[in-house]
Amino acid sequence: MKLADLYMFLKPDIKKIESELERAVEADHPVLQEASLHLLHSGGKRIRPVFVLLSAKFGQYEIDRVKHIAAALELIHMASLVHDDVIDDADLRRGSKTIKARWDNRVAMYTGDYIFAKAIEKASFFENETIHRVISNAMMEMCLGEIEQIRDQYNWDQNFKTYLRRIKRKTALLIAVSCQLGAISAGASREDQNRLYYYGYNVGMSYQIIDDILDFTGTEKELGKPAGGDLRQGNVTLPALYAMHHDSFCREEINRIIGRSGDDPGDISPLLDMINQSGGIEYSKTLSRQYLQKAFRSLDGLEDISAKKSLLDIASYIGSRNS
Amino acid sequence: MKELYEDAEVQKIEHEFKQLTSHPYLKEYIEEAGIEYDYILFMMELLLDSPLSADAKREQILSALLVQAAFVTHEKVETGGQEVLLGKKPRQLTVLAGDFFSSLYHSMLDRDVHAKVIPVFSDAIQKINEEKMSLHFCENESEEVLLSRLALVEGAFLKNIASFYQKPEAGSLAETFFLLKRLVHERNPKESCYLSAPANSIHAFLEGGIEWTGSWPAQSVEQWLTHHITRLQKELHQKLHTTTSIGNELLFNVLTSWSRDFIKAEIK
C-alpha cells in the first residue's frame with residue numbers, strides 16, 4: 001500500500017493545493033520560474049499539506065481557506081530544501097539535480113528567498129496573529145536547529161536531550177504546526193488544536209528517528225548513498241549516540257576513525273557493525289515506537305471521522321516504513 | 001557621519017536589533033549583521049503620521065532592518081561550490097543567518113496590527129529577488145535598464161512601504177538615495193567585494209563579460225560610477241528641494257549631506 005492510498009478521499013483537494021502551489025511560484029524571471037517549478041515537480045510527498053487538510057477536517061472545513069495554509073507550509077519546506085542544498089553543497093536531491101548544481105549558489109539563494117516570501121504572502125491570507133506567530137516561530141526554530149546541528153558536528157560528547165531537541169526542530173516541528181494550523185484555520189476547538197499539534201509532533205519525532213535508523217541499516221541502493229552518511233559527516237544520531245554511551249570502545253573507535261577533521265574517513269563498516277551490535281538500533285526502534293504510541297494517544301478525544309482514521313493509518317505507515 | 005544618527009530612538013532600535021540578531025555561535029564564524037541606519041530614518045519618516053503605537057512602529061522598523069540584513073547576508077554566499085573566500089562552515093552559517101533574520105522579520109510582524117503590511121513586505125522581497133536574478137544573469141540590454149534594475153533592488157523595499165503609507169515622495173527619495181549609496185559603495189574598492197550581483201552586472205555591462213581578475217573597480221567602471229554618482233547627487237538635491245515636506249529632521253540632514261559634493265571628495 002502506498003502512503004497516498006491512506007487519504008484517497010482528499011485527492012481532489014490535494015489537486016487544488018497543487019494548482020495553488022503552481023500559481024504561487026509563478027515568476028516573471030524565466031530562471032526563477034523554472035527553478036521553482038523544478039523544485040515543485042521534484043517528487044515531494046506533500047505530507048505537510050495532507051496533515052493540514054486532515055486536521056482542518058476537525059473544524060469548519062473550507063478548502064478555499066485552508067489551501068492557503070497548506071500551500072504556505074509546503075513552500076516553507078521547499079524553500080528550506082533549496083537553501084539546505086547550498087549548505088550541504090549537494091548536487092542531487094531525489095535523484096535529480098539540485099538548483100545550486102543546475103545553476104549556482106546565488107540562484108538557489110534568490111529562489112529560496114523568493115519562495116519564503118511567497119509562503120509568507122500565502123499565510124497573510126489570514127489576518128490572524130496566532131497563525132503568523134506559529135509560522136514565524138517554526139521558521140526560527142528550524143534555523144536555530146540547523147545552526148546547532150552545524151555547531152554539534154563531530155562533537156561526540158552530546159547527550160540524548162540535545163539530539164531530541166535537534167530532531168524536533170529539524171522535522172517534528174513543521175509537521176506539528178501543519179496539524180495545528182490546519183485546525184486553527186478551520187476554527188477547530190483549542191483542545192483539538194492541541195491534540196493535533198501533539199499528534200504531529202510525535203509522528204515527526206518517530207519519523208526522524210526511523211530516518212536515522214535507516215541511515216545505518218539501509219543498503220546503498222535503498223538510500224541512494226552509502227550507509228552511515230550521517231556519521232561520516234560528523235552528525236550524531238540516536239543509534240550512534242546510544243552505542244557511544246553504552247560502549248566506551250565504540251566511542252573511542254568513532255573518535256579515532258571519524259575524528260573531528262571532516263576528512264573522508266574511508267571504510268566505516270566496522271563502526272556500523274559495532275553500532276548495530278551495541279543495541280543502538282533496537283533502542284532507537286523502541287523509542288520511535290513510543291513516540292508513535294503517544295501520537296495515537298494524542299488523537300483520543302477527537303471525533304471519529306474519516307480524517308481521524310487517516311491520521312492513525314499514516315502514523316502506522318510511518319512506523320512500519322523500511323525505506 | 002555618525003553624529004547624523006545620534007538620536008535616542010535610533011539608539012533604542014539599534015540596541016534591539018543587536019539583541020535580536022546576536023547569536024553566540026554565528027558570531028564566531030561570520031560578521032554580525034550590520035545596521036542600515038538610513039533605513040531607520042526613512043522608516044521613521046514613513047511612519048511619522050501613522051496612528052500605530054510607538055512599539056508597533058518600532059516593530060515595523062526592526063522588521064525592515066531585518067529584511068535588509070537578510071538580503072545583505074545572503075548576498076555574501078558565493079556563486080560557486082568551492083569555498084574561495086568564505087570557507088565551508090562560514091558559508092553554511094551565512095545561509096542560515098540570512099534565513100534566521102528572515103524568520104525574525106516575520107516574527108516582528110506577527111501581531112494583528114501589522115496584518116496589512118505583511119503582504120507589502122513580502123511583495124517587495126519577491127520583486128527584489130526577481131530583479132537580482134536579472135542582474136545576476138547580466139540581462140541588461142541598455143544603461144537605462146541596468147540603472148532601473150539597480151534602483152529597484154536598492155529602493156523597491158522602501159518604495160513599496162512608502163506607497164502603502166501614501167508617501168510616494170519619500171519613496172522616490174529613497175530610491176534615488178539608495179541607488180546613489182550603492183554606486184558609492186561599489187566605487188570604493190575597500191567596501192565592494194566585487195561579488196555582489198549589482199557589482200557583477202555593472203562590470204559585465206561595461207566590459208562585456210563577468211570575468212574580472214584585476215583590481216576593482218576597472219577604470220571604465222570607475223568612470224561610469226563617478227558619472228552616475230554625480231548625476232544622482234544632483235537628482236537627490238533637486239528632489240529634496242521639491243519634496244513638500246520631510247518631517248524627520250535627521251533624515252533631511254542625512255540626505256542634504258549626501259547631495260553635497262563632499263561624498264565625492266570622501267571616496268576619492
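Here is the naming used below: chain letters follow the sequence lines, and residue numbers restart at 1 for every chain.
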Is the B/Phe178-B/Tyr39 ring centre distance short of 6.0 angstrom?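 Centroid distance B/Phe178-B/Tyr39: below 6.0 Å, so yes.
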
Can the ring centres of B/Tyr29 and B/Tyr25 be said to be less than 6.0 Å apart?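 Under 6.0 Å, so yes.
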
Is the B/Phe100 ring parallel, tilted or perpendicular to the B/His23 ring (thresholds 30°, 60°)?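 Perpendicular.
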
Parallel, tilted or perpendicular: which one describes the rings of B/Tyr105 and B/Phe121, with boundaries at 30° and 60°?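 The arrangement is parallel - the two ring planes meet at less than 30°.
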
Among B/Val95, B/Leu26, B/Leu104, who wins on heavy-atom pairs under 4.5 Å with chain A?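 Heavy-atom pairs under 4.5 Å are most numerous for B/Val95.
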
Contact winner vs chain A - B/Lys127, B/Met133, B/Arg111, B/Lys132, heavy-atom pairs under 4.5 Å: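 Heavy-atom pairs under 4.5 Å are most numerous for B/Met133.
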
Rounded to the nearest 0.5 Å, how far apart are CD of B/Gln60 and NE2 of B/His114?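 Atom-to-atom, B/Gln60:CD and B/His114:NE2 are 5.5 Å apart.
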
Ignoring hydrogens, what is the shortest heavy-atom contact between B/Ile125 and A/Ala117? Give both atom names and the distance.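 Smallest heavy-atom distance, with atoms named: CG2-CB, 3.7 Å.
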
Against chain B, label [X] side chain, backbone, both or neither, depending on which of its atoms sit under 4.5 Å from a heavy atom there.
X: A/Asp91; answer: neither
X: A/Asp28; answer: both
X: A/Leu144; answer: side chain
X: A/Phe116; answer: side chain

Which of the residues [options] is involved in the greatest number of heavy-atom pairs with chain B at under 4.5 angstrom?
options: A/Glu121, A/Glu129, A/Met109; answer: A/Glu129
options: A/Gln33, A/Met139, A/Arg133, A/Glu148; answer: A/Arg133
options: A/Arg151, A/Glu141, A/Glu146; answer: A/Arg151

Salt bridge present between B/Asp49 and B/Lys167 (N-O < 4.0 angstrom):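 Salt bridge between B/Asp49 and B/Lys167, a charged N being under 4.0 Å from a carboxylate O: yes.
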
Interchain contact, B/Phe71 with chain A, by part (heavy-atom threshold 4.5 Å):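 Neither part.
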
Using non-hydrogen atoms only, which part of B/Glu139 is less than 4.5 Å away from chain A: side chain, backbone, both, or neither?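 For B/Glu139, the side chain is the part near chain A, not the backbone.
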
Just so I know, are the side chains of A/Gln153 and A/Asn235 near enough to count as touching, which here means a heavy-atom distance under 4.5 Å?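 They are in contact (side-chain heavy atoms under 4.5 Å apart), so the answer is yes.
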
